Amino acid sequence: MKVSGMNLDGLNTEQQNAVTRTEGPVLILAGAGSGKTRVLTHRIAWMLEQRVCRPWQILALTFTNKAAREMKDRIAQLVGERVDEMWVGTFHSIFARILRREAELLGYDRNYSIYDSDDQLRLLKDIMKRREISTNQLNPKRVRSVISSAKNAMLDPESFANSDSGYLHELYTDIFRDYSAGLKKANAMDFDDLLLLPIELFRKFPERLHYWRDRFRHVMIDEYQDTNRAQFTVTQMLAEEHNNICVVGDDDQSIYGWRGADISNILDFEDHWPQTAVFKLEQNYRSSETILETAHSIVSHNAGRKPKKLWTDKGKGELVTLLAGEDEAMEAALICDRIQQANRAGQGYGDFAVLYRTNAQSRALEEALIRNGVRYQIIGGLRFYERREVKDLLAYLRLLVNPRDTISLLRVINYPKRGLGDVAVGRIRQLAVEENLDFYDALPVAAQRLSGAAGQRAGELHALLEELRGRLQEESADAVMQELMDRIRLLEHLEAEGPEGQPRIENVRELQSALARYSDNSELGLEGFLQEVALVADVDGLQDAGDQVTLMTVHSAKGLEFDTVFVSGLEEGLFPLGNSFADEDDLEEERRLFYVAATRAERKLYLSMARYRRRYGGGGGGPSPFLSQLPPELLDQADDFGGGRFRGRDERAGGRDGRWQGGGETRETIRRPGRPASRPKRSGRVPLSGSEALLNKVSPFRDGAPAADPMPDYENESQEFEGPSDPREIHVRAVVLHSKYGRGIVIHKAGFDEDMRITVRFDSVGVKKLVARFAKLQVVG
DNA sequence: CAGGGAAAGATTTTT
DNA sequence: TCTTTCCCTG
């Protein structure tokens, strides 16, 4: 074993200091690309070499499985197989593991189910149905997010009840109560529970806390800026006695506020842990100076951050190139073109990543790449384990392990169709209530009591599940799964779905082989597989680049790096997203998101936008305000960009915020060959609608490419729509009167004409989203 | 009870 | 624009 060979020479001074400080609280502020993982892994290796502790006394927590795997691999390179004795994993998987051992103390079985957000929604809908709350009255997704926020803030139904008042709040409280009870009855935990229940465990059973504290003498946490209240609390509990807590993070990269991440956890770390040793890693080893400047120029607008600035000795490097297409397809084409150019010059496709704010943006990009035969992989979107056919099968497997799992039973009770529809299910559940039985146990009773086919079918299903459950004792999990598939004739049913079914069959096969692989490598059996699978994200499937372009959201890209990065969709309303500028905290998070996106690039950064974008009916929002805040000397405006000069928000009196000036008033619009104009109405003879005039007016530029179809200049015609009584006059910051809500201020506007939606902050009822067409607003100022 | 068709709804970001 | 939900018919 190569222990004495441990070499700290490859680390800079600050990194070395962080590595060798092995006792007490440690805060490592590690900027993007500053060698954070390197420091963490070397620190662990160093602790082993210096015999500070034994491998199994180390707990290392990350947010994604991918980060965990990478950390494990890199530790293994330094210390060999001793890494297997350490607990290195995501918060969720580590605590799921702890809970598997401790669940009984909390009134759960060790084979509990983990409910993902889809399962949560099903449970909530079921509850609302029983309470006769219509989904029109209360949106289940909204309920889910309210409950999840409450749980993130560590509120149980009782404290939630007291946190507010009013009819709506009482409604939420009732559902929250039923939801918690429903989970427990189903022997199920949601993602939030995986963090909350350990806290409950430690509070109720101090000796268990003592045990785990003693077990993990050294706690290390990656991406600490993304921890939420529960994560903060549970790790604090674990570390409180020995004080060996080492956290690594970067407040500029906190991008999970929407999910309860509390940036003050890292900002106030030194207050929570007196005597903290702080190390700042500010040398960046990844990106050029230009890229760092670009990222910094946006994030430095944030008030809530530790002042700092990354530096590099790499030199200025290449300028940032701006690209803009007429619409999202053109934007994609421009990006694709750049990739192919570089590819012809010898660069592999694996060097490129295209990032976007929302998953929906991937479509146009994919189409362009496919059309041009560029190989790519896409991360995120519909995840493998969330696909319907996969979840259906998993639901069966979950039932075998945890028969109390009501949501899974509801899912499979009539899939494939076996004549147990809503009516029959209702009767069986009724029976369960009357006899005080679990839903599952009511199945055989139904077989006796219910007349007709329904009862018989319920009995058959129960018998099948029981039989398979028995087999699980003797046979391997994948054999049982095969038997299950045969018995329910799954493949035949998918086959019958026609062309749709084909990829589903492949997914089912993939699930089969995943289970087989797991069974070969683990003794945890089907329970272990199911719990692991519930905690897998799609980024985890990221293949090591290979020779293909990677497409993903900015969120998924955190922690990754590429030679060349395209950040696409830099438009108002998209990036920064929605009405985030109405809330300073949200806007700060968008800036950090931009920072994360830009700092993924090593050598070359492109920023792109579409002048017009189809978004559920509406149009695009014009250039992102971020673009106007970039120092011009860092930018290289490509010809594709129309040669227009961008002027900042404040420079043009009366102009729209953050607007691009066209390269020339007479420039024409390019259209893709063989495709009709995206907005045929703009043919020159037909009078423009207000929205079109507006659209034209805010057009950042006209593409400078040869004219395929000359367009007249409508600049003047927009005048006629500025009559004082026109509802289209509604603009951001306008003061409006609503017949019901009274006075309010417009804080956001999206779409045009019929689809125009506006967000208004009313004095009486707060922020409301309205469809302008229906709202009958009167503009008063 | 199942399947088809029409109408409404939806777009952040993920463990 | 595309997907999901709901309602109606067979």
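Proteins come first, then strands; the chains are lettered A, B, ... in the order of their sequence lines, and each starts at number 1. Since the model is a prediction, treat every value here as computed from it, not as a measurement.
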remark   = Which of A/Glu326, A/Glu331, A/Glu328 passes salt bridge (charged side-chain N to carboxylate O under 4.0 Å, His left out) with A/Arg613? Answer is A/Glu331

task = Could I get the full list of salt bridge (charged side-chain N to carboxylate O under 4.0 Å, His left out) partners for A/Glu589, not counting sequence neighbours?
result = A/Arg592

request  = Take the protein atom NZ of A/Lys66 and the nucleotide atom P of B/dT14, then report the distance between them rounded to whole Å.
outcome  = 15 Å

query = Taking the same atom, P, in B/dT13 and in C/dT4, what whole-Å distance lies between them?
reply = 14 Å

note = Between A/Thr553 and A/Gly419, whichever has its closest DNA chain B nucleotide further toward 5' is A/Gly419

ask   = Has A/Arg429 got its NZ or CZ under 6.0 Å from the middle of the six-membered ring of A/Phe439, at an angle within 45 degrees of the ring axis?
value = yes

task = With a 4.0 Å heavy-atom cut-off, tell me which residues in residues 249-258 of chain A come close to DNA chain B, sorted by residue number.
result = A/Tyr256, A/Trp258

query = Taking CZ from A/Arg613 and C1' from B/dT11, how many angstroms apart are they, rounded to a whole number?
reply = 12 Å

Pairs touching residues 189-198 of chain A that satisfy salt bridge (charged side-chain N to carboxylate O under 4.0 Å, His left out), sequence neighbours left out = A/Lys151-A/Asp190, A/Lys151-A/Asp193

query = What does A/Phe63 touch in the nucleic acid at a heavy-atom separation under 4.0 angstrom: a base, only the sugar-phosphate, or nothing?
reply = sugar-phosphate

message = Using a strict threshold of under 4.0 Å (side-chain N to carboxylate O), is an ion pair present between A/Glu588 and A/Arg305?
response = no

key: Side-chain N,O (A/Asn65) to OP1/OP2 (B/dT15) below 4.0 Å   = no

request  = Provide, to the nearest angstrom, the distance between the OH atom belonging to A/Tyr415 and the P atom belonging to B/dA2.
outcome  = 14 Å

key: Which nucleotide in B/dA2, B/dT11, C/dC2 has an atom nearest any side-chain atom of A/Ala360   = B/dT11

key: Sub-4.0 Å heavy-atom contacts from residues 139-155 of chain A onto DNA chain B, ordered by number   = A/Asn139, A/Lys141

Between the protein and nucleotides 4-8 of chain C, which nitrogen or oxygen pairs come in under 3.5 angstrom?
{"residue": "C/dT5", "atom": "OP1", "partner": "A/Lys125", "partner atom": "NZ", "Å": "3.3"}

ask   = Expressed in angstrom and rounded to an integer, what is the separation of A/Leu593 atom CG from B/dT14 atom P?
value = 10 Å

ask   = For A/Ala68, what residues pass the side chain to side chain contact (heavy atoms under 4.5 Å, CB included) criterion, not counting sequence neighbours?
value = A/Thr62

message = Mind checking if A/Val554 touches a base, just sugar-phosphate, or nothing, with heavy atoms under 4.0 Å?
response = nothing

message = List the residues meeting side chain to side chain contact (heavy atoms under 4.5 Å, CB included) with A/Ala446, not counting sequence neighbours, and say none if there are none.
response = A/Ile428, A/Leu431, A/Leu450, A/Ala458

A/Thr358 side chain, from C-beta outward: closest of B/dT15, B/dC1, B/dT13 = B/dT13

query = Is the distance between the ring centroids of A/Phe63 and A/His92 under 6.0 Å?
reply = no

remark   = Separation of C/dC2 atom P from A/Glu366 atom CD, nearest Å, is 14 Å

By side chain to side chain contact (heavy atoms under 4.5 Å, CB included) - contacts of A/Arg411 (at least two apart) = A/Asp118, A/Arg122, A/Arg388, A/Lys391, A/Asp392, A/Ala395

inquiry  = At less than 3.5 Å, do the side-chain atoms of A/Arg357 and the base atoms of B/dT13 form a donor-acceptor pair?
reply    = yes

key: Pairing residues for A/Glu367 by the salt bridge (charged side-chain N to carboxylate O under 4.0 Å, His left out) criterion, not counting sequence neighbours   = none

query = A/Gln361 has an atom CD; how far is it from atom P of B/dT11, in whole Å?
reply = 15 Å

note = Sequence neighbours excluded, the answer for side chain to side chain contact (heavy atoms under 4.5 Å, CB included) partners of A/Lys184 is A/Tyr108

task = Nearest whole angstrom, please: distance from the C1' of B/dT15 to the CG of A/Asp116.
result = 11 Å

remark   = Winner on side-chain proximity to A/His555, out of C/dC2, B/dG3, B/dT13, is B/dT13

inquiry  = Is the phosphate of B/dT13 approached by A/Ser556 (side-chain N or O, under 4.0 Å from OP1 or OP2)?
reply    = no

Pairwise C1' distance for B/dT12 and C/dT5, with rounding to whole Å = 22 Å

key: Among B/dA2, B/dT12, B/dC1, the nucleotide that comes nearest once only the side chain of A/Asn414 is considered   = B/dA2

ask   = Across the strands shown, which category fits A/Asp192 at heavy-atom distances under 4.0 angstrom: base, sugar-phosphate, nothing?
value = nothing

task = Not counting sequence neighbours, which residues clear salt bridge (charged side-chain N to carboxylate O under 4.0 Å, His left out) with A/Arg418? List them please.
result = none

request  = Under the ring pair (Phe, Tyr, Trp, His ring centres under 6.0 Å) rule, collect the residues that match up with A/His493, sequence neighbours excluded.
outcome  = none

request  = Could you tell me whether A/Ala424 contacts a base, only the sugar-phosphate backbone, or nothing, with contacts defined as non-hydrogen atoms closer than 4.0 Å?
outcome  = sugar-phosphate

ask   = Quick one: A/Arg229 CZ to B/dT15 P, roughly how many Å, whole number?
value = 24 Å

